[in-house]
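Have a look at the structure below before the remarks.
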There are 2 protein chains.
Amino acid sequence: MLPEEQRCPHNEQVNCANCRLNSICLPLAIADDDIIKLDEIVQRGKPLHKGDKLYRQGSDFRSVYAVRSGAIKAYSVSPSGEEQVTGFYLPGEILGVDGISSHRYSSTAVALDTSAVCEIPFEQLESLSLQLPKLQRHFFQLMSREITDDQKLLTLVSKNSAEERVASFLLSMSARHTRRQLSEQRFHLPMSRQDIGNFLGLTIETVSRVLGRFKKNLLIEVDGRDLFIADLDGLRAVARVNH
Amino acid sequence: MLPEEQRCPHNEQVNCANCRLNSICLPLAIADDDIIKLDEIVQRGKPLHKGDKLYRQGSDFRSVYAVRSGAIKAYSVSPSGEEQVTGFYLPGEILGVDGISSHRYSSTAVALDTSAVCEIPFEQLESLSLQLPKLQRHFFQLMSREITDDQKLLTLVSKNSAEERVASFLLSMSARHTRRQLSEQRFHLPMSRQDIGNFLGLTIETVSRVLGRFKKNLLIEVDGRDLFIADLDGLRAVARVNH
DNA sequence: CGGCCCTTTGACGATAATCAACGGGAGTGG
DNA sequence: CCACTCCCGTTGATTATCGTCAAAGGGCCG
């Protein structure tokens with residue numbers, strides 16, 4: 001199989017016959033010849049190094065971005081100075097839509113690893129959506145999906161214990177790897193414990209202790225950020241949520 | 001001034017010259033003659049009694065709704081049986097967009113009081129959005145707004161103390177009343193302590209105790225669900241967030 | 001009047017935060 | 001090459017916030 005950043009949404013080679021799309025990934029992919037028009041407005045490439053910022057909270061909103069490789073973290077800082085990690089974006093996922101409402105990004109996006117993203121200028125996406133009903137629908141769905149995901153996260157954070165939160169998080173990462181045809185059980189966490197804790201509303205110490213307990217109970221094996229889920233069903237039982 | 005449900009988005013009388021709109025409220029209002037077309041697809045009325053369900057989690061998604069009067073609560077039940085209140089919708093606000101992504105509502109909406117809503121069939125809204133760029137943009141913004149609001153709520157619930165959460169909640173309610181030209185300080189809470197607690201990730205007892213403390217510190221006066229914010233700045237200081 | 005739900009208040013306890021110390025790896029500079 | 005620092009992660013001891021359990025009062029409606 002090709003390296004991930006050269007694969008199309010169908011995980012075939014570049015210019016796969018099914019989608020004719022080589023610059024942008026799953027979430028906006030439409031099985032239709034119209035996709036070529038979308039492909040034309042997408043800015044390629046944009047390689048990012050670890051720590052590079054894709055956009056900053058408060059800066060003018062221009063584009064949304066599709067991740068092609070690597071991993072991006074989005075976080076926002078509240079007026080009171082609290083920092084909140086609002087999401088991690090993996091290849092095939094789209095970020096930046098939070099900026100639409102106020103014409104400014106409400107969060108900062110930073111690369112956790114060397115990453116590649118596609119830039120999709122929003123004005124052009126808007127005009128194109130007026131011509132391509134399927135694209136408009138896709139984009140409505142994408143945003144609606146982000147809303148329901150946020151609401152699930154809210155439930156997780158406000159109703160579940162530390163163990164349940166961490167278990168759910170690991171299963172979510174696993175599921176997203178599976179979607180990309182990668183291992184369900186073995187993968188690398190691109191973010192620090194700090195980031196995981198912040199995202200889940202826990203301290204770094206609690207995250208570390210919970211992972212320690214999972215390890216002791218033979219649910220997982222961890223070495224730094226390398227993770228192996230030894231007992232998927234066991235972890236699901238802890239999470240009490242089906243992923 | 002007319003009763004709220006008879007007022008247009010500009011808080012004037014029915015058929016106000018500025019907007020020619022008498023069926024749907026602020027969030028989708030566009031200062032443009034095109035609005036008439038939108039007005040045509042909106043279903044009027046729909047009076048709801050306290051406890052009536054507007055839609056149910058898992059049922060087919062057909063429409064989004066604009067609240068005209070009263071108050072609606074949205075909540076979802078996770079696979080594990082946890083109930084999570086995801087939002088309260090007051091006059092001028094729109095709910096139901098969570099159903100777009102999966103063609104099914106991901107939450108249940110129930111009237112907290114006698115309420116009136118307008119139904120906006122989504123398929124028609126979609127087609128109309130293809131013709132009216134401003135409407136499309138408005139809807140994108142509406143959804144983006146919901147995303148940023150959810151993320152603020154997540155920060156509140158995962159990073160702030162019980163007192164900060166309740167104070168922020170009261171200030172949010174106050175701000176939304178102010179937008180409707182109603183009193184900033186004195187209003188009625190349409191939801192139970194249970195609902196507030198669930199929404200904020202707290203138990204009913206904690207909510208009650210926090211309100212008791214606010215009362216003792218002369219920040220508020222409460223009598224059941226009737227609230228008077230005696231010291232707005234004091235409450236803002238507790239919330240540490242500017243509303 | 002009686003039952004039910006909502007709310008308040010108190011006593012107690014558990015979960016996760018805080019405070020603190022330490023080890024390891026990466027990068028830097030001598 | 002080695003010392004140095006910085007960041008990340010782990011682990012332990014203690015604390016505090018909020019949840020749980022329990023009881024009781026008030027309002028609404030049949």
Side-chain angles (χ1 to χ4, degrees), chain A residues 49-51 71 73 82-85 110-114 155-170 188-217 220-227 238-240, chain B residues 49-51 71 73 82-85 110 112-114 155-170 188-217 220-227 238 240:
Chain A
H49 298 105
K50 179 174 175 169
K73 167 181 88 169
E82 308 278 7
E83 205 167 307
Q84 172 72 47
V85 174
V110 59
L112 293 171
D113 275 325
T114 303
T155 305
L156 188 68
V157 165
S158 80
K159 302 281 186 297
N160 293 68
S161 69
E163 296 208 349
E164 289 161 351
R165 289 183 226 179
V166 175
S168 288
F169 175 74
L170 297 180
H188 182 81
L189 296 170
M191 71 294 284
S192 69
R193 302 283 190 270
Q194 184 70 257
D195 290 334
I196 298 175
N198 187 303
F199 181 64
L200 295 175
L202 299 170
T203 60
I204 179 175
E205 294 96 328
T206 300
V207 172
S208 183
R209 275 186 252 272
V210 168
L211 289 176
R213 261 174 272 160
F214 286 174
K215 199 170 171 179
K216 209 179 64 183
N217 298 336
I220 62 171
E221 294 168 19
V222 265
D223 175 23
R225 299 186 182 184
D226 289 320
L227 184 76
V238 173
R240 299 190 313 145
Chain B
H49 298 104
K50 180 173 174 170
K73 168 181 87 169
E82 309 279 5
E83 204 167 307
Q84 172 72 47
V85 173
V110 60
L112 293 171
D113 275 324
T114 303
T155 305
L156 187 69
V157 166
S158 81
K159 301 280 186 298
N160 293 67
S161 69
E163 296 209 348
E164 290 160 351
R165 288 183 228 178
V166 175
S168 289
F169 175 73
L170 297 179
H188 182 81
L189 296 170
M191 71 294 285
S192 69
R193 303 283 191 271
Q194 183 70 256
D195 290 334
I196 297 174
N198 187 305
F199 180 64
L200 295 174
L202 299 170
T203 59
I204 179 176
E205 293 95 329
T206 299
V207 173
S208 184
R209 277 187 253 270
V210 169
L211 289 177
R213 261 174 273 161
F214 286 173
K215 198 170 170 179
K216 206 179 65 185
N217 298 338
I220 63 171
E221 293 168 21
V222 265
D223 175 23
R225 299 188 183 182
D226 289 319
L227 183 77
V238 172
R240 298 190 312 147

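Numbered from 1 within each chain, the chains take letters A, B, ... in sequence-line order. In this text the structure is predicted, and so the values were computed from the model without any measurement. FYI, side chains are in, hydrogens and waters are out, and symmetry mates aren't considered; it's all heavy atoms of this structure.
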Specify the separation, in whole Å, of atom [atom1] of [X] and atom [atom2] of [N].
| X | N | atom1 | atom2 | value |
| --- | --- | --- | --- | --- |
| Lys50(A) | dG27(C) | NZ | P | 8 Å |
| Asp195(A) | dG9(D) | CG | P | 8 Å |
| Leu202(A) | dG9(D) | CG | P | 15 Å |
| Leu211(A) | dC8(D) | CG | P | 16 Å |
| Ile204(A) | dA20(C) | CD1 | C1' | 14 Å |
| Asn198(A) | dC8(D) | CG | C1' | 16 Å |
| Lys159(B) | dA16(C) | NZ | P | 15 Å |
| Arg225(A) | dC8(D) | CZ | P | 7 Å |

Practice task
Look at the side-chain N and O atoms of Thr206(A) and state whether any lies under 4.0 Å from the OP1 or OP2 oxygen of dA17(C).
Solution key: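 It does, given that an N or O in the side chain of Thr206(A) lies less than 4.0 Å from OP1 or OP2 of dA17(C).
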Problem - Distance test, side-chain N/O of Thr203(A) to OP1/OP2 of dA16(C), below 4.0 Å - result: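 No, Thr203(A) has no side-chain N/O under 4.0 Å of OP1/OP2 on dA16(C).
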Handout entry: For the student: nearest non-hydrogen atoms of Glu163(A) and Phe214(A), plus distance
Key =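 That closest heavy-atom pairing would be O-CZ, 3.5 Å.
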Exercise for the section: Measure from the side-chain N and O atoms of Lys73(B) to the backbone N and O of Pro190(B), and report whether any donor-acceptor pair falls under 3.5 Å. Expected result: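 Between the backbone of Pro190(B) and the side chain of Lys73(B) there is no qualifying donor-acceptor contact (under 3.5 Å).
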Practice task
Measure from the side-chain N and O atoms of Arg165(A) to the backbone N and O of Leu200(A), and report whether any donor-acceptor pair falls under 3.5 Å.
Solution key: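 At least one qualifying donor-acceptor pair exists.
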Fill in the blank from the handout: Closest to the side chain of Glu205(A), out of dT18(C), dT7(C), dA22(D), is dT18(C)
Practice task
Give one of base, sugar-phosphate or nothing for Gly197(A), where a contact means two heavy atoms less than 4.0 Å apart.
Solution key: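 No contact.
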Exercise for the section: Could you tell me the separation between the OG atom of Ser208(A) and the CG atom of Leu211(A), rounded to the nearest 0.5 Å? Expected result: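 Ser208(A) atom OG to Leu211(A) atom CG measures 6.5 Å (nearest 0.5 Å).
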Exercise for the section: Specify the residue among Arg209(B) and Arg193(B) whose closest nucleotide of DNA chain C lies further upstream toward the 5′ end. Expected result: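 The answer here is Arg193(B).
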